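For the numbers below, each heavy atom of this structure counts, side chains included, while hydrogens, waters and symmetry mates do not. On a predicted model such as this, the values are computed, not experimentally measured, just so you know.
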Amino acid sequence: MRASPEGGSKVGPRSLCSFVLALARMRLERLFLFEGESMAKEMNLETIRHSMAHVMAEAVLEIMPEAKIAIGPSIENGFYYDFDLPRPLTDADLETITEHMKAIIKSGVTFERKEISRDEARTLFADQPYKLELLDAIPEGETVSIYTQGKFTDLCRGPHVESTKDLSADGFKLLSIAGAYWRGNEKNPMLTRIYGTAWRNGKELRVYLDHLADIEKRDHRKLGKELDLFSLHEEAGPGLVYWHPRGARVRQAIEEFWRGEHYKNGYELVYTPHVGKSWLWETSGHLDFYKDSMYPKMEMDKADYYAKPMNCPFHIMIYKNSKHSYRELPFRWAELGTVYRYEKAGALHGLMRVRGFTQDDAHLFVTPEQMDDEIVEVLRFSLYMLHSFGFNDVHAYISTKPEKSVGRQEDWDAATAALKKAVEKEGLSYDIDEGGGAFYGPKIDLKVKDAIGREWQLSTVQFDFNLPERFDLTFVDRDGSEKRPYMIHRALLGSIERFFGVLIEHYAGAFPPWLSPDQIAIIPVGESAFDYCKALEKRLRGEGFRVAIDLSDDRLNAKIRNAQKMKTPYMLIIGEKEMSGDLTAFLPRTS
RNA sequence: GCCAAAGUAGCUCAGUGGUAGAGCAGCUCACUCGUAAUGAGCAGGUCGCGGGUUCGACUCCCAUCUUUGGCUCCA
């Protein structure tokens, strides 16, 4: 195939480059705006947002003087205020409140700080029970301050802007109404919370609203439908994923790469059953600890079977099939193992939280001496994998021994030290979650930032001091004695379903060619080119390309539009010219 | 669980106490097309499920199921 950038491509190589660069710059500017703001600016925005919350409270009291006010802090990107209201709010109320707020801002009243005694405060807020409660919660000896703007006074530590002139009447937007328990305790009354976002000016607000729209456009549930990738069917079982042909193509590409890299990295691939007798789960401890999140038992031949929630006991069965020498270790056994877990109906969410999913699981059986090297390798492999899929911003979390745990202290210490050493060796930034490990061993979790700066947990590497014990795993050491191997669980992508969801959002559905469902769309200009195109499709398929051919009777314009809607990276447009001259119009996807 | 919103055609969404609507997708026909939607026609729905009010309910009321967002950020 030959490209013809001059004739066929709207965006030649050079302009394509500058286009991509321009996009990258825009992206950086945006990231900078949301993440890289200097502390001073951030404080300023926080003050603006907090003051905006006061203005909103004033507006609400103007409309409903009998409302009781609770708290109104600034939050990331905005603010909220909680109210106890005489009636539920509607969207129309939000508009009215917004109008009142704009009027208050334009009136340019000042924020006055005053320090007062507790008694004065008690008199001032006599008919505001929530404020009285907050007042009582202020430690003795601490100053009690109030802020007043216009007719509104709030118990508040501050700081605030000097005047409502410092707020932008078109730099804020009320976003939603939600219920929230007073002080976050479900035994308390539920208050009405109004969320808003606030910025220095209308332009910043618009950038932020664009950002929200961008997140919405990237939603994998929406793109999954639009790009015909997968579906879920409530009537066939919530939380169970149906991979359509186009989604399956992406999965195949992921899995193919995954398998190849595992072979290269010294792993063996295994396959194990989807169900097992209760003996497995009694021995592993799952029936004790996780019965509620397992699919219920199936009875057969006077035995109870369970769908597997984990692959570990199955890999252990392979290990236990024969006696092992220290010379054979380490074993690195990987499996794309499909497991089933009962997640609460309310917790299900698209591909991110499902009931049946495929883990890219592996178990390493190692001697104590091999532990350090194996951890370093697993971590290096994880990073390689994440980078390969376009995730370059990785942060590690090390979780250490919790209060209730199994295994000897010296094993925990050694394993935790090995994890830290490996993370440092790879130069990763990390946080330590003291006491956050599972009862059976410490772990490293890797979180990545996606294209718009959201964090996702993907890889996990966990030590296990529990299962080797429970299943009585041994190997014969140099001196002829039987010893206990260490076991490491690890998943690099996590679950294929969730990973696919994250990938879709990361790329906003425009996958790089090696992952794209269709790499090339073959588009005949007219019916006379159909046979040529079919032959070309066969040839390209034969060479391993994922292709789509458009044999509809649509106009050429429509065919190009459809291919671009499906975010196909390349289009081959075939007409008389191409068939006679072996010259192909080659059109890359533009965004 | 609680608060709020939503559930109407495959998809996205209008709609009214009196025969159910659009766009896209689908099907048929015509056009045989050269770089971001060719035109015309046809078909498609127990208006989430169950009760109630009413002469009449998709619409109003009650109950229920499901989905979405929030309930962690603390004057």
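Nearest nucleotide to the A:Glu576 side chain, out of B:rC11, B:rG34, B:rC71: B:rG34. Here B:rA36 is the nucleotide among B:rU68, B:rG70, B:rA36 with the atom lying nearest to any side-chain atom of A:Gln564. The side chain of A:Ala558 lies closest to B:rU38 when the candidates are B:rC71, B:rU38, B:rA75.
A:Arg221 has its CZ atom 9 Å from the C1' atom of B:rU67, to the nearest Å. Separating the OH atom of A:Tyr80 from the P atom of B:rA75 is a distance of 9 Å, rounded to the nearest angstrom. Atom NZ in A:Lys565 sits roughly 10 Å away from atom C1' in B:rC11 (whole-Å rounding). Here the C1' atom of nucleotide B:rA36 and the OH atom of A:Tyr570 are 19 Å apart, to the nearest Å. Residue A:Ile177 contributes atom CD1, which lies 9 Å from atom C1' of B:rA5 at whole-angstrom precision. Following rounding to the nearest Å, A:Leu556 (CG) and B:rA36 (P) show an atom-to-atom distance of 8 Å. As a whole-Å value, the separation of A:Leu155 CG from B:rC74 C1' is 12 Å. Following rounding to the nearest Å, A:His50 (NE2) and B:rA75 (P) show an atom-to-atom distance of 8 Å.
Nucleic acid contact for A:Tyr195: sugar-phosphate only, since backbone atoms but no base atoms lie under 4.0 Å from a heavy atom of the residue. Nucleic acid contact for A:Ser231: none, since no nucleic acid atom lies under 4.0 Å from a heavy atom of the residue. No engagement by A:Ser528 is indicated, since no non-hydrogen atom pair under 4.0 Å with the nucleic acid exists. Nucleic acid contact class of A:Lys131 (heavy atoms, under 4.0 Å, all strands): sugar-phosphate only. Within 4.0 Å (heavy atoms only), A:Gln128 reaches no atom of the nucleic acid at all. In this structure, A:Asp553 reaches the bases: a heavy-atom distance under 4.0 Å links it to at least one base atom across the strands shown. Contact annotation for A:Ile138: base contact, defined as any heavy-atom pair under 4.0 Å involving a base atom. Using a 4.0 Å heavy-atom distance criterion, A:Arg183 is classed as a base contact. Among the atoms of the strands shown, none is found under 4.0 Å from any heavy atom of A:Glu226.
The C1' atoms of B:rG45 and B:rG21 are separated by 11 Å, rounded to the nearest whole Å. The P atoms of B:rU46 and B:rU59 are separated by 16 Å, rounded to the nearest whole Å. Comparing B:rG1 with B:rA9, their P atoms are spaced 27 Å from each other, to the whole Å. Comparing the P positions of B:rG48 and B:rC11 gives an interatomic distance of 13 Å, to the nearest angstrom. Using atom P as the reference point in both B:rG15 and B:rA22, the two lie 15 Å apart (nearest Å). Rounded to whole Å, the P atom of B:rC60 lies 8 Å from the corresponding atom of B:rG17. The same atom, P, is picked in B:rC42 and in B:rC47; the two are 24 Å apart, to the nearest Å. Atom name P, nucleotides B:rG26 and B:rA14: the rounded distance is 24 Å, in whole Å.
Side-chain contact between A:Gln149 and A:Thr110: absent, with no pair of heavy atoms (C-beta onward) separated by less than 4.5 Å. Contact check for A:Arg246 versus A:Met566: side-chain heavy atoms found under the 4.5 Å cut-off. The closest side-chain heavy-atom distance from A:His349 to A:Met352 is below 4.5 Å. Annotation: side chain of A:Leu458 is not in contact with side chain of A:Lys447 (no heavy-atom distance under 4.5 Å). Residues A:Ile522 and A:Ile574 form a side-chain contact, since some pair of their non-hydrogen atoms from C-beta on lies under 4.5 Å apart.
Residue whose closest nucleotide on RNA chain B sits further toward the 5' end, between A:Asn557 and A:Tyr181: A:Tyr181. Along RNA chain B, the nucleotide nearest to A:Glu527 and the one nearest to A:Thr192 differ in position, and the one closer to the 5' end is contacted by A:Thr192.
For A:Arg561 and B:rA36, a side-chain-to-base donor-acceptor distance below 3.5 Å is absent, hydrogens and geometry of angles not being considered. With hydrogens and angles ignored, a donor-acceptor pair under 3.5 angstrom links the side chain of A:Arg555 to the base of B:rC31.
A salt bridge is defined here as a Lys NZ or Arg NE, NH1 or NH2 lying under 4.0 Å from an Asp or Glu carboxylate O, and A:Asp82 with A:Arg193 meets this definition. Taking the charged nitrogens against the carboxylate oxygens, A:Glu497 and A:Arg251 do have a contact shorter than 4.0 Å, which makes a salt bridge.
Aromatic ring pairs are classed by plane angle as parallel below 30°, tilted from 30° to 60° and perpendicular above 60°; the pair A:Tyr81 and A:Phe83 is parallel.
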(request) Kindly indicate, with the supporting measurements, whether the criterion ring-ring contact (aromatic ring centres under 6.0 Å, His included) is fulfilled by A:Trp456 and A:Phe499. (result) CA-CA 9 Å; A:Trp456 302 95; A:Phe499 186 72; over 10 Å; no
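Listed pair A:Lys225 / B:rU12 meets the phosphate criterion, a side-chain N or O lying under 4.0 Å from OP1 or OP2. Look at A:Arg49 and you won't find any side-chain N or O under 4.0 angstrom from OP1 or OP2 of B:rC73.
Remark: B:rU35 base-pairs with no nucleotide; criterion is Watson-Crick or G-U wobble with both hydrogen-bond distances under 3.5 Å. Using the Watson-Crick or G-U wobble rule with both distances under 3.5 Å, B:rC42 pairs with B:rG26. Nucleotide B:rG18 forms a pair with B:rC55, judged by Watson-Crick or G-U wobble geometry with both contacts under 3.5 Å. Pairing for B:rU68 goes to B:rA4, judged as Watson-Crick or G-U wobble with the two contacts each under 3.5 Å. The partner of B:rC47 cannot be assigned: no Watson-Crick or G-U wobble pair with both contacts below 3.5 Å exists in any strand.
A:Asp550 places a side-chain N or O within donor-acceptor distance of the main-chain N or O of A:Ser552, the cut-off being under 3.5 Å.
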Pairwise N/O distances under 3.5 Å, protein to nucleotides 7-10 of chain B:
none

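For the pair A:Arg206 and A:Trp199, the NZ or CZ position fails the cation-pi test of under 6.0 Å to the six-membered ring centre and within 45 degrees of the ring normal.
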